[in-house]
Novice: 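Would you mind keeping the following structure in view while I ask a few things?
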Amino acid sequence: MSGISDTERMITLKTVEGTLFDVKSSIAKDLKTVQAFIDDSDDDVTSPIPLPNVFTRELSRILDYLNNHHRFRSGIEKADEEMARYDAEFAKSMSHEELKALILAANYLNVKDLLEFLNQTVADVIQNKSVEFVRNFFGIENDYTPEEEEKLRNENEWAFNGVEQD
Amino acid sequence: MERMNSPLHDDDNDYERKGEVVTTTGMPALMDELIEEILLRIPASSLVRLRNSVCGSWRTLISSSQFAKDHLRRSMAVDSALTHPRIAYYSSSDSYPTIGIFSARSVFENPPREPTKVVAYEGRRCRSIIGSCNGFLCLHDDVLEGRAMLWNPCTGFTSQPLKIGGHFHYCGFGYDHVNDKYKLFGTVIKKSGEFVTRIFTFGPKSKWRTIQDFPNRLHHPDNKAFVVGWTGRFVSGTGTLNWLLCSGLDSFVAVLSVDLVKETYSQFSAPSRDSDDDRSVFPHLSILEGCLAVCYETEKTHWTLWLLKDYGVPQSWTKLAIIRKHPPLINYCLNDVVRPMYMLKSDVLLAKSPSGILILCNVKDGTTYVPNIDSSNDGMTKHPPLYRGSGSRIFHVYHESLVSPSHFGLPSCSSEMRLFKPSL
């Protein structure tokens, strides 16, 4: 293995379904969970690293995101606009269920920037939506009794007082 | 968020808890820590709407003191514009004024989609706003024994009105970040004629502490410097209230500050005025982008705006902008500086012109324009509408937060401040 520089080394990752992904070690660095495993290993990691919590669909999206962001960052100036456009398309391309699944995967793999972006995306989606929508999105059950709901609705009247949204 | 040390050798328990929680619909559910991270990125006003309605655990989380602090810290650190800065104003010539509030950011839209609307509130116990901090406005009623009340316009909660005393001369409202306490600073003249300086700490055992006299006439070689303005400016994260010290005889300018944590005073220099400048036009101290900013009149043709990038470090005074005097800024020949209020991204400044009109100045190209603010519902019928002048309106900028009086031991009331409905 001597003579091969760090950035050229490939790491192989295996998803739940058994699909193998070859990933450049420079990209693997952004998967902090994977990087920690590599750092903790005494010898060079040669066999595929199993990711028992990550499905192919999610890993594929995460690697797509990271590869593109690496490309934008290393390239010429105008990348900021392109990156913003890519991010917007990336977010739009997923259903709510896919978004949540991706957050879980990004959280497990500890991909900081992507997780930050996904959290903000969800925050932007739900902030002006109805309570029903929010409950549906997170799969939350309404645990208030009708009396409690009535009491809280009155307490909360202020929130609907019409201070203008930005 | 907890990270596992050897994540690829999951314990079964961890695996179940972190990866496989399933909801009633059978789809993957986000764990509490992840939901919290998302909620921290939602504006306070939306969280107020969701707080009581979604479910019990969201209500507990969003109402909690720790969440409010995390939310505030995060939004101020990332981009204070995310805190949805608002401007609250009252009229100092009305006996029980309404308080008008409008969104600072919507004012900057150019051209605006629609006028920025002012929403007004009224309360029994409010004749003035002393200051703002962490989403609270400190309201004061100086009649008789005098009452103060903390009001968070975003959540609607106030503290009860607290007996605090009547007429203050120098005063200010701020936050002691070391002891996690909100404090009011005020100098009063007692019935004996004695001048006393005190700090009032808001809390279950709220009371005044007398401190060393406010040095409004000292700290200048010839003892001829004086403090400009009554209200101290609070700089977030420093625990200080600040005033300008000026000399009538030379170009000396300094910042006088009281440290609410240590209850001590200090002073540091500010850029001197030019020797030719008219010394009767006092510079103006304000807070822009979280920092102290001083605006001077320079050579009768323009104003110079300086920003103190590092608090307390005079070398970090940086010239931010030069604003040329031209209409609509100088419609009246009033001898005053333009008073900055809020700056968006170091490009555009919202300020009050010497004639009392709110204006937007683009500091890069020098263009100015009058924002479209509809103040018709603000209840200040004896005053001109905002686009024509301020009258005796006094403005305060605040940032939306979820902080509540109940987070520091004072019961929260929801009925002291009400939406003002103008009679038709």
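These figures come from a predicted structure and were not determined experimentally. Here is how names work: the chains are called A, B, and so on, in the same order as the sequence lines, proteins then strands, and each is numbered from 1.
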Novice: Less than 4.5 Å apart, side chain to side chain, heavy atoms only: is that true for A:Leu152 and B:Ser53?
Specialist: no
Novice: At a 4.5 Å cut-off on heavy atoms, which part of A:Lys32 comes close to chain B: side chain, backbone, both, or neither?
Specialist: neither
Novice: Checking A:Thr121 against chain B: side chain, backbone, both or neither under 4.5 Å from a heavy atom?
Specialist: neither
Novice: Just how far is it from atom CD1 of B:Ile35 to atom CZ of A:Phe137, taken to the nearest 0.5 Å?
Specialist: 9.5 Å
Novice: Please flag which part of A:Glu132 lies under 4.5 Å from any non-hydrogen atom of chain B: side chain, backbone, both or neither.
Specialist: neither
Novice: Given side-chain contact (heavy atoms from CB on, under 4.5 Å), test B:Glu37 with A:Glu116 step by step and report yes or no.
Specialist: CA-CA 9 Å; B:Glu37 284 298 316; A:Glu116 171 74 44; over 6 Å; no
Novice: Hey, what do you get for CG (B:Asn52) to CD (A:Glu148), rounding to the nearest 0.5 Å?
Specialist: 11.0 Å
Novice: So, for B:Ile42 and A:Gln127, which heavy atoms are closest and what is the spacing to 0.1 Å?
Specialist: CG2-CB, 3.8 Å
Novice: What do the steps show when you test A:Asn142 against B:Cys55 for side-chain contact (heavy atoms from CB on, under 4.5 Å), and what is the final call?
Specialist: CA-CA 5 Å; A:Asn142 178 8; B:Cys55 67; 5.6 Å; no
Novice: Would a distance-only check, ignoring hydrogens and angles, find a side-chain to backbone donor-acceptor pair under 3.5 Å from B:Arg41 to A:Val122?
Specialist: no
Novice: Identify the heavy atoms of A:Tyr144 and B:Arg59 that sit nearest to each other, and give their distance.
Specialist: OH-CB, 3.4 Å
Novice: So, for B:Trp58 and A:Val134, which heavy atoms are closest and what is the spacing to 0.1 Å?
Specialist: CH2-CG1, 3.4 Å
Novice: Using side-chain heavy atoms (C-beta onward) and a distance below 4.5 Å, is B:Met31 in contact with A:Leu104?
Specialist: yes
Novice: Mind checking the CG-CG spacing from A:Asn119 to B:Leu40? Nearest 0.5 Å is all I need.
Specialist: 9.5 Å
Novice: Looking at side-chain heavy atoms only, is the closest gap between A:Ile103 and B:Ile38 below 4.5 Å?
Specialist: yes
Novice: Please look at A:Ile126 and chain B and tell me whether the side chain, the backbone, both or neither of the residue comes under 4.5 angstrom of a heavy atom of that chain.
Specialist: both
Novice: Decide if atom CG of B:Asp347 counts as having more than 12 heavy atoms of other residues, nucleotides or ligands within a radius under 6.0 Å.
Specialist: yes
Novice: Does the pair A:Phe138 and B:Val54 meet the rule for a side-chain contact (heavy atoms from CB on, under 4.5 Å), with working shown?
Specialist: CA-CA 10 Å; A:Phe138 291 102; B:Val54 175; over 6 Å; no
